[in-house]
Amino acid sequence: MLDVKEIRKDFPLLETKVRDKLPLVYLDNAATTQKPKCVIDALSDYYLRLNANVHRGVHWLSSQATDYFELARERVRDFINAPKTENIIFTRGTTESLNLLAETISISFLDEDSEVIISEMEHHSNIVPWHIAQKKHKFKLKYIPFNDKGELETEQLQNLITPKTKLLSLTHISNTLGTINPIKSIIELCHKNNVMVIIDGAQSIAHLSIDVQDLDCDFYVFSGHKVYAPMGIGVVYGKKELLEKMYPYHGGGEMIKEVSMTATTFNDIPYRFEAGTPSVADTIGLGVALEYLKKVGVQDVIAWEDHLMHYATERLQTIENIRIFGQSNNKSSCISFLVGNIHHFDLGTILDMQGVAIRTGHHCAQPVMQHYHIEGTDRLSFAMYNTEQEIDIFMTALQKAIAMLQ
Ligand code: PMP
């Protein structure tokens, strides 16, 4: 079991008073997590002691910065059990990772005859890049539907796959429904049909133990800021044999071997996909965050968050006229709900007045809202530092809000 009281001491922001007076109850972790002090210290330490551009310099400071930067790549490799550091590309976040993949995979592997499958429970960042790429590359886009419990209709996947299908891009955990998709069996089915698979790990990186070799996914992407690391840093994991065949995304410094007035030859992976000066401090911060999570214990964190989700679900189910969206038995880390006809925004606002931070709206997953014919939901989402007591405070605030709004 986690020593949550001790863990909370590592996160200075949790002591913040809302509007200078109310204790903060932060239940918006699916949007972003708070940062432990070791990560914040790593950022200031970088700028105090190490700041130099990486990879390019012969001088001592640059080689120090490069060593720390590449250590972060090794820490990411280790955390997701990628075979080598060359499989790890740094980006600005999940959104940039998915845009990179949509563009480079389209150029490298797709044509007008190709088909790409995504699902109806994707975050917009795993829908819109495909719409944009589709406009240029003219492939066909298909969707796996989900049922009212919020579970993918995986039996439909076999029918959606045709000899023209080249790629499936799927979220591991829905940021709205909390559903954990059965990606291992889906990946197996896809590979039997020669279909590549991208996994959007934005929500799974902090709440499941990830082993990309065991999953056998072709690509896995995530954002640092959802796993206790700084904003502005993200990752693409890709299989070497695919990355090596892929055309670059951004052009610029670092990603080249040679440039003449007429032509460019590209650098080896992963640098081919990392044009320009990277966010070095944030990258180092990501490495530190992953080490922190490992030290706390990934399995213990998963068990604790699971306990919190079940505790909160049980308590929410006592509320009259509540609808919980996402009823899968295989669920993690967040709960979306509506109470009667109360507008999600009004409820969120009155909770905020009591110091409780939850998210309201469509959660960048409008097709999920369209499935249920709603505009948005209220969503609470958990991290390692949340407590039962915070859920009790949330419940009291919720009951007050309902009394005011009904
Ligand atoms: N995919 C999922 C499932 C998400 O939850 C999010 C963030 N809410 C994203 C993609 C986009 O992540 P980012 O904004 O960090 O790029």
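The basis for the numbers below is simple: all heavy atoms, side chains too, and nothing from hydrogens, waters or symmetry mates. Atoms within each ligand, like the ligands themselves, are counted from 1 in listed order. As the structure is a computational prediction, the values presented were derived from the model and not from experiment.
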Asks: At under 4.0 Å between heavy atoms, is it the side chain or the backbone of E96 that contacts ligand 1, or both, or neither?
Replies: neither
Asks: If the contact criterion is a heavy-atom separation under 4.0 Å, does T171 count as touching ligand 1?
Replies: yes
Asks: Taking only heavy atoms of S125 into account, list the atoms of ligand 1 that are under 4.0 Å away from them.
Replies: 1 (N), 9 (C), 10 (C), 11 (C)
Asks: Among protein heavy atoms, which sits nearest to atom 14 (O) of ligand 1, and what does the distance come to when rounded to 0.1 Å?
Replies: T95 OG1, 3.6 Å
Asks: Would you say S328's side chain and N330's backbone share a donor-acceptor pair under 3.5 angstrom?
Replies: yes
Asks: Suppose we call two aromatic rings close when their centres sit under 6.0 Å apart. Are Y237 and F222 close by that rule?
Replies: no
Asks: Considering only non-hydrogen protein atoms, determine which one is nearest to atom 1 (N) of ligand 1 and report residue, atom name and distance to 0.1 Å.
Replies: D200 OD2, 2.6 Å
Asks: Hey, is D111 close enough to K164 for a salt bridge, meaning N to O under 4.0 Å?
Replies: no
Asks: Tell me, which protein residue and heavy-atom name are nearest atom 6 (C) of ligand 1, and how many Å apart are they?
Replies: H123 CD2, 3.3 Å
Asks: Out of all atoms in ligand 1, which are within 4.0 Å of some heavy atom of S223? Include the element for each.
Replies: 12 (O), 13 (P), 15 (O), 16 (O)
Asks: Side chains of E254 and H55 only: does a donor on one sit below 3.5 Å from an acceptor on the other?
Replies: yes
Asks: Specify side chain, backbone, both or neither for K226, according to which of its non-hydrogen atoms lie closer than 4.0 Å to ligand 1.
Replies: side chain
Asks: Is a donor from one side chain sitting under 3.5 angstrom from an acceptor on the other, for D306 and H207?
Replies: no
Asks: For ligand 1, is any non-hydrogen atom under 4.0 Å from T94's backbone (N, CA, C, O), its side chain (CB onward), both, or neither?
Replies: both
Asks: Tell me yes or no: between the side chains of H191 and D218, is some donor less than 3.5 Å from an acceptor?
Replies: yes
Asks: Can a side-chain donor-acceptor contact be found between E188 and S185 if the only test is distance below 3.5 angstrom?
Replies: no
Asks: How about T91 and S97: does a side-chain donor come under 3.5 Å of a side-chain acceptor?
Replies: yes
Asks: Under 4.0 Å from a heavy atom of N175: give me the atoms of ligand 1 that qualify, with their elements.
Replies: 5 (O)
Asks: Does even one non-hydrogen atom of C364 get within less than 4.0 Å of ligand 1?
Replies: no
Asks: Does ligand 1 have any atom that is closer than 4.0 Å to a heavy atom of H225?
Replies: yes
